[in-house]
Amino acid sequence: MAHDHKLEIFRGLVKFKSNTQKIWGVLIFLSIVTTVEVALGIIKPRFLTHSHFLGMKLLNWIFIILTLVKAYYIAWDFMHLRDEKTPLRRVIVWTPIFLVCYLIFILLFEADYIYNVYSDGFITWNF
């Protein structure tokens, strides 16, 4: 049972006339997000590298968020998740987002604990 794919992105804000135009539009969007990531990685603005949120620099949070945006959009558009039923979309999208947030939480707290042990404890930095 074949059906036409939706030729719109950003929940209908941008509409295209053909699949080729849509592919170019998606390519431009993903290129812009990647360019922002690369530019921030090269420039490393001081206000983003010297301010922290939940134990991590704001620049790192921006990288994580932009990477999740790209991954979500690739899955949404190229894996045709928008055409699936809502429960399947939620399972596919929210499970990895929950797991990534959980991993970030664990890494931040464990890294902070290890840093405190080395800086305040009896173990010294020997490397």
Inset, instruction - Identify, with sequence neighbours excluded, every residue that meets side-chain hydrogen bond (donor to acceptor under 3.5 Å, both in side chains) alongside Thr34. - result: Lys70
Inset, instruction - For the residue pair Tyr72 and Leu81, establish whether any side-chain heavy-atom pair is separated by less than 4.5 Å. - result: no
Inset, instruction - Check Leu58 against Phe53 and note the closest heavy-atom contact, atom names and distance. - result: CD2-CB, 3.7 Å
N/O donor to acceptor pairs below 3.5 angstrom from side-chain atoms of residues 85-92, sequence neighbours left out:
residue, atom, partner, partner atom, Å
Thr86, OG1, Arg89, NH2, 3.2
Arg89, NH1, Arg82, O, 3.2
Arg89, NH1, Glu84, O, 3.4

Inset, instruction - For the pair Met56 and Ile64, evaluate side-chain contact (heavy atoms from CB on, under 4.5 Å) and give the outcome as yes or no after the intermediate values. - result: CA-CA 11 Å; Met56 198 163 53; Ile64 290 169; 3.5 Å; yes
Inset, instruction - Can you run down the side-chain hydrogen bond (donor to acceptor under 3.5 Å, both in side chains) pairs that involve residues 38-59, sequence neighbours left out, and say none if there aren't any? - result: Arg46-His50
Inset, instruction - Look at the rings of Phe109 and Phe105 and say which category their plane angle falls in: under 30° parallel, 30 to 60° tilted, over 60° perpendicular. - result: tilted
Inset, instruction - For Phe63, check ring-ring contact (aromatic ring centres under 6.0 Å, His included) against everything at least two apart and list the hits. - result: none
Inset, instruction - Would you check if Phe98 and Thr95 make a side-chain contact, meaning some heavy-atom pair closer than 4.5 Å? - result: no
Inset, instruction - List, by chain and number, the other hydrophobic cluster members for Val38, where Ile, Leu, Val, Met, Phe, Trp and Tyr join if side-chain heavy atoms come within less than 4.5 Å, directly or indirectly. - result: Ile42
Inset, instruction - Check whether Ile106 and Ile104 end up in the same hydrophobic cluster, where Ile, Leu, Val, Met, Phe, Trp and Tyr are linked by side-chain heavy atoms less than 4.5 Å apart. - result: no
Legend entry - ILVMFWY network linking Leu68 to Leu30, side-chain heavy atoms under 4.5 angstrom: yes
Inset, instruction - Scan residues 92-107 for pairs that pass salt bridge (charged side-chain N to carboxylate O under 4.0 Å, His left out), counting only residues two or more places apart or in two chains. - result: none
Legend entry - ILVMFWY cluster, Tyr73 and Val100 together (side-chain gap under 4.5 Å): yes
Inset, instruction - Please check if Trp94 and Tyr102 belong to a single hydrophobic cluster, counting links between Ile, Leu, Val, Met, Phe, Trp and Tyr side chain heavy atoms closer than 4.5 Å. - result: no
Inset, instruction - May I ask whether Ile74 and Val36 are part of the same hydrophobic cluster, defined by side-chain heavy atoms of I, L, V, M, F, W, Y residues being less than 4.5 angstrom apart, directly or through others? - result: yes
Legend entry - CD1 on Ile62 to CG on Leu48, rounded to 0.5 Å: 4.5 Å
Inset, instruction - Apply side-chain contact (heavy atoms from CB on, under 4.5 Å) to the pair Phe29 and Val26, showing each step before the final yes or no. - result: CA-CA 5 Å; Phe29 169 69; Val26 170; 5.7 Å; no
